[in-house]
There are 2 protein chains.
Amino acid sequence: MSEHDKLTEDKIFEAATEVFIEKGMDGARMQDIADRAGMNKSLLHYYYRSKDRLFDAVFEMIASKMLKKFAPVFEDNLTFEEKIRFFFREHISFMQKNPRLPAFLLNEINRHPDRIRKFLANVNIGNVWDILYSQHKEDLDKYHITREKIPQIMTTMASLSVFPFAAKKLLEEIFGKVGLKFNDYIEERKTFAADFVIGALENMNRYNFNDESKTQPHDKKKKK
Amino acid sequence: MSEHDKLTEDKIFEAATEVFIEKGMDGARMQDIADRAGMNKSLLHYYYRSKDRLFDAVFEMIASKMLKKFAPVFEDNLTFEEKIRFFFREHISFMQKNPRLPAFLLNEINRHPDRIRKFLANVNIGNVWDILYSQHKEDLDKYHITREKIPQIMTTMASLSVFPFAAKKLLEEIFGKVGLKFNDYIEERKTFAADFVIGALENMNRYNFNDESKTQPHDKKKKK
DNA sequence: ATTAATTTTGACCGCTTGGTTAAACTATTT
DNA sequence: AAATAGTTTAACCAAGCGGTCAAAATTAAT
């Protein structure tokens with residue numbers, strides 16, 4: 001495999017990445033990708049056998065790129081609060097540079113859940129949460145946060161950072177009507193989300209005691 | 001237009017709704033819709049001229065259905081805290097019954113932003129926020145929440161309720177590995193999200209004063 | 001320089017796509 | 001009951017789709 005080969009193969013991959021993110025798997029056309037790469041359509045089939053395989057390659061690259069951005073959150077030398085701030089700062093900044101990735105990934109995962117399965121096969125999410133929990137047991141106990149709350153808290157943090165990008169075009173449309181720039185909003189969000197989460201966690205204990213009647217299904221039947 | 005016409009037209013619309021939500025605009029096939037409606041494909045073109053118009057009809061119906069679910073939040077006879085709890089309870093319950101709507105809507109809006117434009121043309125979101133703000137000025141002042149924070153707070157609430165459904169298949173995959181049922185998680189979320197937001201707002205003032213150095217871009221240049 | 005292997009191309013294929021049309025069918029009007 | 005209008009169907013169409021293939025162009029090996 002020569003120097004030039006790698007170049008054309010990469011050009012295909014890059015063009016495919018652009019088109020797939022823009023149009024999605026169903027909306028993308030092999031001819032579009034060939035045009036954007038500036039070459040004959042047959043070359044796409046020469047290097048990647050089919051549209052499906054080409055998409056798989058692109059999807060895997062993007063998914064793992066996204067996954068890797070989550071990893072540094074679990075570094076040990078940070079306090080719980082620092083981790084939260086670190087997460088929002090880094091994760092949102094990453095999406096700022098790749099604003100279409102969240103919508104693309106969510107859509108394709110919902111459409112073909114099996115594609116993400118092999119990714120999560122290698123990740124023991126329960127373990128990760130357990131480690132995170134034990135690392136900060138003191139902080140979490142102080143806030144009266146039990147292990148069962150971890151899924152809610154983790155998905156909450158993901159919500160706060162990912163949703164604005166998943167709904168980017170909608171928010172841009174809305175913000176446009178009140179003279180707000182999406183990028184300003186995102187810049188502000190890095191700290192707002194962190195402040196918000198930390199503030200909520202500090203008040204968490206309150207609702208564990210006072211509102212036991214109001215918050216109905218807190219103590220659900222744990223299966224077996 | 002006879003009784004029977006309305007029936008077949010409705011059957012088309014219902015079948016189209018199902019298929020479009022399942023496969024998206026690009027992935028849906030007219031033949032699929034005809035099959036699901038149990039009739040000849042030409043009838044789709046007889047009642048709706050083209051795939052685009054049929055999709056437009058479906059999209060408009062779903063979008064307005066979604067929009068209407070937000071309206072009751074602005075009823076006057078509720079306290080700010082009650083509105084927050086009311087929003088999460090009702091909005092999440094609605095999505096529980098229509099779990100694929102969020103992903104569908106977000107994807108199609110991102111793909112064709114102009115389609116949502118005419119919807120928002122009728123809604124003066126700035127006004128809605130102003131009304132909401134003035135309705136609860138006392139509460140918000142108590143929490144030291146300025147009007148500029150409204151967009152962050154509103155999108156935060158949308159994030160917390162919508163994201164779990166937009167990422168449903170991903171979360172189901174993750175939860176499956178730790179023995180957590182998506183529906184249990186959602187049931188819990190109705191109150192968790194409300195508690196979380198209220199707790200965060202009550203702590204909001206703290207970060208307005210203490211952390212002015214940490215939270216860098218709070219006071220950005222306001223254009224003009 | 002010749003051969004061999006690889007890369008790139010354009011022409012092509014079978015199939016599916018959204019969409020059309022004319023005829024068959026059904027209901028309504030006179 | 002005949003004519004009219006509205007509904008449903010099957011057959012069909014051109015365009016676009018992913019994919020193939022053999023020949024041309026290029027590079028590497030002898």
Side-chain angles (χ1 to χ4, degrees), chain A residues 1-62 104 107-108 111-112 114-115, chain B residues 1-62 104 107-112 114-115:
Chain A
M1 205 180 263
S2 73
E3 183 73 8
H4 198 252
D5 298 348
K6 198 94 210 102
L7 227 129
T8 61
E9 194 176 343
D10 284 356
K11 274 204 293 192
I12 294 173
F13 190 84
E14 283 163 26
T17 303
E18 287 177 27
V19 174
F20 278 136
I21 288 178
E22 240 171 68
K23 309 278 188 73
M25 162 68 170
D26 290 335
R29 299 293 105 118
M30 293 297 268
Q31 191 60 58
D32 285 1
I33 298 172
D35 290 347
R36 191 163 314 203
M39 61 181 61
N40 193 286
K41 189 186 63 163
S42 296
L43 276 182
L44 310 195
H45 292 96
Y46 180 74
Y47 285 101
Y48 304 83
R49 289 175 54 90
S50 66
K51 186 188 183 184
D52 239 66
R53 284 166 182 266
L54 177 53
F55 180 83
D56 274 349
V58 169
F59 181 83
E60 182 177 316
M61 175 260 160
I62 291 180
F104 166 79
N107 184 48
E108 298 299 339
R111 208 77 73 200
H112 307 286
D114 40 319
R115 246 187 269 263
Chain B
M1 204 182 263
S2 72
E3 183 74 8
H4 198 252
D5 298 348
K6 197 93 213 104
L7 228 130
T8 60
E9 194 176 341
D10 284 356
K11 275 203 292 190
I12 293 173
F13 190 84
E14 282 162 27
T17 302
E18 287 178 28
V19 174
F20 278 135
I21 288 178
E22 239 171 69
K23 309 277 187 72
M25 162 69 169
D26 291 334
R29 299 292 105 117
M30 293 297 267
Q31 191 59 59
D32 285 2
I33 298 171
D35 290 348
R36 191 162 314 201
M39 62 180 61
N40 192 286
K41 189 187 63 164
S42 296
L43 277 182
L44 310 196
H45 291 96
Y46 181 73
Y47 286 100
Y48 304 82
R49 288 173 55 89
S50 66
K51 186 187 183 185
D52 239 64
R53 282 165 183 267
L54 178 53
F55 180 82
D56 274 349
V58 169
F59 181 83
E60 181 177 318
M61 174 260 158
I62 291 180
F104 166 79
N107 185 46
E108 299 299 339
I109 290 171
N110 279 320
R111 206 78 73 199
H112 307 286
D114 40 319
R115 244 187 270 263

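Per chain, numbering begins at 1; letters A, B, ... match sequence-line order.
Taking the six-membered ring for Trp and the full ring otherwise, the centers of A:Phe20 and A:Phe55 sit less than 6.0 Å from each other.
Relative to the side chain of B:Leu43, the nucleotides C:dG10, D:dT9, C:dG19 differ in distance, and D:dT9 lies closest. Considering only the side chain of A:Arg29, D:dC17 comes nearest among D:dC17, C:dG19, C:dT8. Taking every side-chain heavy atom of A:Ser50 into account, D:dG19 is the closest of C:dT8, D:dG19, C:dG19.
Each of B:Lys41 and B:Gly38 was matched to the nucleotide of DNA chain D holding its nearest heavy atom; the match closer to the 5' end belongs to B:Gly38.
Distance B:His45 NE2 to D:dA11 C1': 15 Å, rounded to the nearest Å. We find that CD1 of B:Ile33 is positioned 11 Å from P of C:dG19, with the value rounded to whole Å. Across the protein-nucleic acid pair, A:Met30 atom CE and C:dC12 atom P stand 21 Å apart, rounded to whole Å. For the pair A:Tyr46 OH and D:dT26 C1', the interatomic distance rounds to 12 Å; values are reported in whole Å. Rounded to whole Å, the distance from CD on A:Glu9 to C1' on C:dT6 is 14 Å. Between the CG atom of B:Asp26 and the C1' atom of C:dT17 there is a distance of 13 Å, given to the nearest Å. Here C:dG18 presents its C1' atom at 10 Å from CE of B:Met25, a figure rounded to the nearest Å. The distance from atom CE of A:Met39 to atom P of D:dA24 is 22 Å, rounded to the nearest whole Å.
Between B:Asn40 and B:Ser42, the side chains place a donor N or O and an acceptor N or O closer than 3.5 Å (distance only, hydrogens not considered).
Taking CZ of B:Arg49 as the start and CG of B:Asp56 as the end, the distance is 13.0 Å to the nearest 0.5 Å. In this structure, CD1 in B:Ile62 is found 9.5 Å from CD in B:Glu108, a value given to the nearest 0.5 Å. Atoms CE and CG, on A:Met25 and A:Leu54 in that order, are 9.0 Å from each other to the nearest 0.5 Å.
Between A:Asn40 and C:dT8, a side-chain N or O to OP1/OP2 separation shorter than 4.0 Å is absent. An OP1 or OP2 oxygen of D:dT8 is reached within less than 4.0 angstrom by a side-chain nitrogen or oxygen of B:Thr8.
For B:Lys51 against C:dG19, a side-chain-to-base donor-acceptor contact under 3.5 Å is absent. In this model, a side-chain donor or acceptor of A:Ser42 finds a partner on the base of C:dG10 within 3.5 Å.
B:Ala28 comes within 4.0 angstrom of sugar-phosphate atoms only, judged by non-hydrogen atoms across all strands, and of no base.
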